[in-house]
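Side-chain atoms are counted along with the backbone in the values below, which use heavy atoms only and exclude waters and symmetry mates.
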4 protein chains.
Amino acid sequence: MRKSKRDYADVDNRSRIIDAATELFIKQGAQDTSLSDIARSLSISKGTLYYYYSSKADLLFDVSESYMTRISNRLLEWAKNLKKPMPADEVVGKVLKELFSAENRGKLHLYLIYESITNNEMLKKRLISAYDQWLVMIKEGLSVLMNDTEKVTEYAELLLIMITGGIVHSTLGFGPQRIDGIMSLIFSGNPA
Amino acid sequence: MRKSKRDYADVDNRSRIIDAATELFIKQGAQDTSLSDIARSLSISKGTLYYYYSSKADLLFDVSESYMTRISNRLLEWAKNLKKPMPADEVVGKVLKELFSAENRGKLHLYLIYESITNNEMLKKRLISAYDQWLVMIKEGLSVLMNDTEKVTEYAELLLIMITGGIVHSTLGFGPQRIDGIMSLIFSGNPA
Amino acid sequence: MRKSKRDYADVDNRSRIIDAATELFIKQGAQDTSLSDIARSLSISKGTLYYYYSSKADLLFDVSESYMTRISNRLLEWAKNLKKPMPADEVVGKVLKELFSAENRGKLHLYLIYESITNNEMLKKRLISAYDQWLVMIKEGLSVLMNDTEKVTEYAELLLIMITGGIVHSTLGFGPQRIDGIMSLIFSGNPA
Amino acid sequence: MRKSKRDYADVDNRSRIIDAATELFIKQGAQDTSLSDIARSLSISKGTLYYYYSSKADLLFDVSESYMTRISNRLLEWAKNLKKPMPADEVVGKVLKELFSAENRGKLHLYLIYESITNNEMLKKRLISAYDQWLVMIKEGLSVLMNDTEKVTEYAELLLIMITGGIVHSTLGFGPQRIDGIMSLIFSGNPA
DNA sequence: TATGAATGAGTTTTCATTCAT
DNA sequence: CATGAATGAAAACTCATTCAT
């Protein structure tokens, strides 16, 4: 009883830290956010931060976990709510717009990738596995939407690249402006 | 005369610096490359480096200039060599594959974007203008390739997003595997 | 009754802590052993550790007490078992070899001395008194062994220095290799 | 010319740093001497310290080098000045007394050994090689002094252990008090 | 008795930048 | 033109110690 109460507190504190870190990473970039910054924003000491996370990489890992989970959940929910007679281009376009619109999260997305390929093999593995997951989810969603399910894999790959590219462009403020047009382009031969 | 001679030397030295910096940025990441590293790789002193570039941001700007020029040139050359009866999907697919295959440059590409949106407003402007340029070049190329030029803008936007996304994915080692399939998907309704 | 029961438990817990600490000090060096390490190795909390020992110095003092007692006991036992017609060089050589062979304890021995002369006046006093004791014990042993008891004090001093030096050298992996030869050298003029 | 001048300055600065570090290590113990302490004592910045020594281990290595050289020189000089008809016990006793009397250097000696066996494999190798050297020097000196050169190796081992043990005891303030007596004990059978 | 969350002062280390020569 | 010595501000991280429960 005791113990579980404390454990809850622990989980709670950790998630408070993750949220604060995420916010700062998004606002000023992860590279330019020091552990002091995070501690200060939570009004705790650096020592306390280290009590919960024994290194910056550790904390970053959980931050990225939380970020990837958010995207996974969004895709999952999307796939779950699909029904047959829905226009693929509209439905997909809507999700993309949504993902691109969380402009500032893109900064974090970008950083996670950069960190992955530069410094952090563990994070890289985790990130690739997330991408794998997303690919599967997208395929499942498309299988519901499309008549011709033969090209589902290609479609899914295309969409995933577009998601990444779109997030980057949006964050840069060079967002794709004609998503609807692009969607109708892509799905032209596949009306629901 | 004198002066211009010096200027030539100056330009030469600067470009040597840019090349060395680029190489290091690509190899070990820009964040993890110190000015000492660059100076050492050129066998010059840090002081000399500062003689040519008064700050790291300054140097980064020129590095990115050189990087963007390389991409512009590639697109320019591509657009120039297009002739009418060429299959759009093949031609475009070839360029994409090429851009994606320079895997390690992607690290630099990614960093430039990250730096742009995090720290460096000037770089951001420059980068956006490069993207604008690329968009135009792609449009021009597509105009030659495609019959139905009505959708050229949408196509160009799509391709540009795909370039960014594909570079990122390739760098991450999660590269798109079915570019040909994707190309035929996209251009299905637009045979040359 | 109550109280003494508690006291027993107390003594027991303290000695468990001392043993764990000793083990870690020997394995990884005292300087590199944190109180967290010790607590973890006992599966108790740091708070509990502080319940029994109000500071690291406090704990170290008891650890050293236990270590010195071990040596004292060894010398005591040695002196007790001596009988007259025994060859001094052999008998002494055997003890030395034994003391030198506990290679890893040397790390602790060394640390105790270093700590004594650097930081910890109290420990220093304690250590000197232990050395005094050992000197007396050695003298007593030698009185039994040797014919000419005139030089016993010099012999004892020599042996004690050799013990310290030998422990250090052994720990360093530069152990004395010819103890027997050295012994016969020293005791050449003093056959039993 | 230029360059060599600068090199001289460099060597000079490094040796200034070594001297200051040595002094502090001796005064307050190496473990308790931070790089800030050393920088402060030299009125330079920490950055400057790192300009000359890229890590604390690096600096320690040079400090220990300088310390070991000092001992080597002393032994060398001793061996060089020996002539045949000199009483071994007196001559050796004098050197020992001298080595033991530099009481505070013992703190450094002790620390070097402790650090060697705890943390620093490189230092350990260096230290062992120094001890090897000293052993050779002592052997050479003894060969001159003693009639019966058969036991020279044993004598040298014995003396080296005594040096280490004696340095430790002296530093602890429990110095051997009867060195002369001990010497005559050891060399009893070997008059010059 | 026992806990573990919290702290803060300290450590080593990095690096862009300045400047006298 | 070129140098490299010097700096200082900041970073990540450690750990003995305290204390409310």
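Taking the six-membered ring for Trp and thresholds of 30 and 60 degrees, Tyr111(A) and Tyr114(B) have ring planes inclined between 30 and 60 degrees apart.
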TODO: Produce a footprint string for nucleotides 11-17 of chain F: one letter per nucleotide, 5' end first; B if the base is under 4.0 Å from any protein heavy atom, S if only the sugar-phosphate is, - if neither.
DONE: SSBB-BB
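The closest side-chain donor-acceptor pair between Tyr53(C) and Asp58(C), if any, does not fall under 3.5 angstrom. Checking Gln28(C) against Asp37(C) by side-chain atom types alone, a donor-acceptor pair falls below 3.5 Å.
In this structure, the OH atom of Tyr51(B) is 7 Å from the P atom of dA2(F), given to the nearest Å. Rounded to an integer number of Å, the gap from Ile38(B) CD1 to dC15(E) P is 12 Å. Going from atom CG of Asn13(D) over to atom P of dG4(F) covers 15 Å, rounded to whole Å. If you take OH of Tyr53(A) and P of dA6(E), they are 13 Å apart, rounded to a whole angstrom. Rounded to an integer number of Å, the gap from CG of Leu42(D) to C1' of dT7(F) is 15 Å. Between Leu60(D) atom CG and dT12(E) atom P there is a gap of 12 Å when expressed in whole angstrom units.
Counting only Watson-Crick and G-U wobble pairs whose two key distances fall under 3.5 Å, DNA chain E forms stems of three or more stacked pairs at E:2-21 with F:2-21.
Under the ring-ring contact (aromatic ring centres under 6.0 Å, His included) criterion, Phe25(B) pairs with no residue, sequence neighbours left out.
Looking at heavy atoms from C-beta onward, Glu115(A) lies in side-chain contact with Leu123(A) at the 4.5 angstrom threshold. Contact annotation: the side chain of Val63(B) approaches that of Leu108(B) to within less than 4.5 Å [non-hydrogen atoms, C-beta and beyond]. Using a 4.5 Å heavy-atom cutoff, the side chains of Asp62(B) and Ile17(B) are not in contact.
Heavy atoms only, all atoms of each residue included: Thr171(A) and Gly106(A) are closest at OG1-CA, 3.2 Å.
In this structure, Ile44(C) and Leu49(A) both approach DNA chain E, and ranking their closest nucleotides by distance from the 5' end singles out Ile44(C).
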